[in-house]
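Since the model is a prediction, treat every value here as computed from it, not as a measurement. When a residue number appears, it is its place in the shown sequence, counting from 1.
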Amino acid sequence: MPPAPPGKDLTPDQALDLLRQGNATFLRGEEVTPPSAKRRLALAAAQEPFAAYVTCSDSRVPPELLFGRGLGELFIIRNAGNTVDTVALGSIEYAVAVLQVPLVVVMGHESCGAVKAASDVVTNNAIFPGSIGPMVEPIIPAVLQARGQPGDSLENAVRQNVRRVVRQLREHTDPIMLDPQKEGRLKVVGAYYSLGTGRVDFFDLP
């Protein structure tokens, strides 16, 4: 798959289509071609990713592989449970304001350990050592909101957690994020990755 155009030259929908095409490539088992020396040298001078990607630290969820993308194409923010704290938010805002990405994706995934831990806090009053407990606290409201929904409780909580983060980025953030969304230059979407199938479901679209 050839390198994507610079993000500043793409619409949000074009960027999303690139991700959908890339996931289809991943599902077909096609390998990503390593970058050439020329490509590496070009990226050493500047980066022009076409999407900012917020996802979990889980070792089974590497965005570049899931979408068949190479160096310099995705600006990735990863932490357990794909939550957005001050550092993550600043990174997203940098991608939007400075790198001019037209798309921000927030992706949860099947069998997320952080969401499972938050669920255990709610259902079993679980207590975790070190900083694990405070880390999963932002996920607890999503677990509470997902209670009583039909289907798998963990998957429901993962999706609800994605929706909460997406809503934060769409409605409750700085004009640095809100203005380009109002102007149609930026979209924030939510996604869910199935570990078993390898398929990414972009289920929360503006």
With the side chain counted from C-beta on, respond yes when I92 and M177 share a heavy-atom pair under 4.5 Å apart, and no when they do not.
yes
Would you say CZ of R20 has more than 12 non-hydrogen atoms from neighbouring residues, nucleotides or ligands within 6.0 angstrom?
yes
On a heavy-atom basis, the closest approach of A157 and S119 is CB-OG, 4.4 Å
Connected via hydrophobic side-chain network under 4.5 Å: V189 and V101:
no
Spacing of F67 atom CZ and F26 atom CZ [to the nearest 0.5 Å]:
9.5 Å
Taking side chain as C-beta onward, heavy atoms only, is V61 less than 4.5 Å from L195?
yes
Pairwise distance NE2(H109) to CD(E155) - rounded to 0.5 angstrom:
12.5 Å
Evaluate the side-chain proximity of Y94 to F75: yes if any heavy-atom separation is below 4.5 Å, no if none is.
yes
Test item: L10 and L18 side chains (from C-beta on) under 4.5 Å apart, heavy atoms:
yes
Gap separating the CG atom of N161 from the CD1 atom of I140, nearest 0.5 angstrom
11.0 Å
Validate the cation-pi geometry between R159 and F203: distance from NZ or CZ to the six-membered ring centre under 6.0 Å, angle to the ring axis within 45°.
yes
Side-chain contact test, heavy atoms from C-beta onward, threshold under 4.5 Å: evaluate it for V143 versus S153 and give yes or no.
no
Are more than 12 heavy atoms from other residues, nucleotides or ligands located less than 6.0 Å from atom CZ of R60?
yes
